[in-house]
J.: 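Before anything else, here's the structure in question.
Because only heavy atoms are used, hydrogens play no part in the values below, and waters and symmetry mates are left out as well, while side chains stay in. Here is the naming used below: chain letters follow the sequence lines, and residue numbers restart at 1 for every chain.
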Amino acid sequence: MPITVATWNVNSIKARMHAVTGWLKDNQPDVACLQELKTTEDGFPFMELESLGYNIRIHGQKSYNGVALLSKQPFESVTRGLPGDDKDDQARYMEAIIMGRNSPFRVASIYLPNGNPVPGPKYDYKLAWMTRLKTHAENLLKDEEPFILAGDYNVIPRSGDVHDPKAWEGDALYRPETHAAFRALLGISLTEAFDQMDGRFGQYTFWDYKGGAWPQNRGLRIDHLLLSPQAADRIRRFTIHRDVREGVRPSDHVPVVGKFDL
DNA sequence: ATGGTCGCGTAGCGA
């Protein structure tokens, strides 16, 4: 039996419970990495999600950011925050070790900074955050074990991953410096699950609420699974749950799911 | 002709 690992930016867990519970019941992922909870532990609906069979750990923040890990198997260890800057108090990163069917593997839930407007402190923070992520991943790679860095990267990897590349030139999600930082992340020998599974262009994971982006399919592919070599070897399926964007009061992002022999 | 995004939290910011 393979393991499924999902990532989903829910854009407020409290506002999205109807969609989240429905999707978890229907799809039963072994692990779900959630982003943009927009709440602290106090407001997080632990009971309702635990009743669906999940162990839950969150790294919360009031009003903004916030990430969670949900797992059917128990957590072996959990760490909160991305190393490399003690003054960074934004809740955008957590990771855990989880038992697979055969061996343990590591999973991170990532909410990479948006970075707009450019130039400015927010863009500087984004690029610095990406460098910190690279440094941290380099350390994880030394173990030569399977791991999955799943989340909203706020990076459009290529022109085929955006409806209108011209319109996004200069945006923090699509700038050359952003591409360079993302390429550097892949350069240390991480693999995008989308690439490993021969994903086609024009498959999006986000459609803005504004301007009728969804009905016109003006989307972006910004939610990604980055895999260590040992995880890339074991991926068997990669799916973007596009239909979820059609639901009642949807998130602007949809779930992305990888299936692994782990 | 008008208004045409959502969530948090109750103004205006962040995305």
J.: Measure the shortest side-chain to side-chain distance between I13(A) and K38(A) over non-hydrogen atoms and say whether it is less than 4.5 angstrom.
T.: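 The answer is no, as the side chains (C-beta and beyond) never meet within the 4.5 Å cut-off.
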J.: Does a side-chain N or O of S63(A) approach OP1 or OP2 of dG7(B) to a distance below 4.0 Å, or not?
T.: no
J.: Centres of the W23(A) and H241(A) rings: under 6.0 Å?
T.: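 Between W23(A) and H241(A), the centre distance is under 6.0 Å.
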J.: Can you list every stem that DNA chain B is part of, counting only runs of 3 or more consecutive Watson-Crick or G-U wobble pairs with both distances under 3.5 Å?
T.: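 Ordered by first number, the stems with DNA chain B (at least 3 consecutive pairs each) read B:5-8 with B:12-15.
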J.: Rounding to an integer number of angstrom, what distance separates dT2(B) and dG7(B) when you compare their P atoms?
T.: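 My reading of the P atoms in dT2(B) and dG7(B) gives 28 Å.
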J.: Please give, in whole Å, the distance from dG9(B) P to Q61(A) CD?
T.: 11 Å
J.: Any side-chain N or O of R16(A) under 4.0 Å from OP1/OP2 of dC6(B)?
T.: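 No, outside the criterion.
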J.: Go through it in stages, so that I can follow the logic: the residues are K134(A) and E138(A), the test is salt bridge (charged side-chain N to carboxylate O under 4.0 Å, His left out), and I'd like the CA-CA distance, side-chain angles, deciding distance and then a yes or no.
T.: CA-CA 6 Å; K134(A) 172 168 167 272; E138(A) 282 172 330; 3.7 Å; yes
J.: Side chains of N217(A) and R242(A): donor-acceptor distance under 3.5 Å anywhere?
T.: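 A pair is found: one side chain offers a donor N or O, the other an acceptor, under 3.5 Å apart.
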J.: On a heavy-atom basis, which atom in I58(A) and which in A68(A) lie closest, and how many Å separate them?
T.: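 Looks like CG2-CB, 3.9 Å.
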J.: With rounding to the nearest 0.5 angstrom, report the CG to OH distance, D252(A) to Y209(A).
T.: 4.0 Å
J.: Counting primed atoms plus P, OP1 and OP2 as sugar-phosphate and everything else as base, spell out the protein contacts along nucleotides 10-15 of chain B at 4.0 Å heavy-atom distance: B, S or - for each nucleotide, 5' to 3'.
T.: ---BSB
J.: When the P atoms of dG9(B) and dG4(B) are compared, how many Å lie between them, rounded to an integer?
T.: 23 Å
J.: With D30(A) as reference, evaluate Q73(A), K259(A), R101(A), K72(A) under the side chain to side chain donor-acceptor pair (under 3.5 Å) test and give the passing residue.
T.: R101(A)
J.: Could you list the residues that satisfy ring pair (Phe, Tyr, Trp, His ring centres under 6.0 Å) with Y174(A), not counting sequence neighbours?
T.: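 Once residues adjacent in sequence are excluded, the partners of Y174(A) under the ring pair (Phe, Tyr, Trp, His ring centres under 6.0 Å) criterion are H179(A).
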J.: How far does the C1' atom of dA1(B) sit from the matching atom of dC6(B), given to the nearest Å?
T.: 25 Å
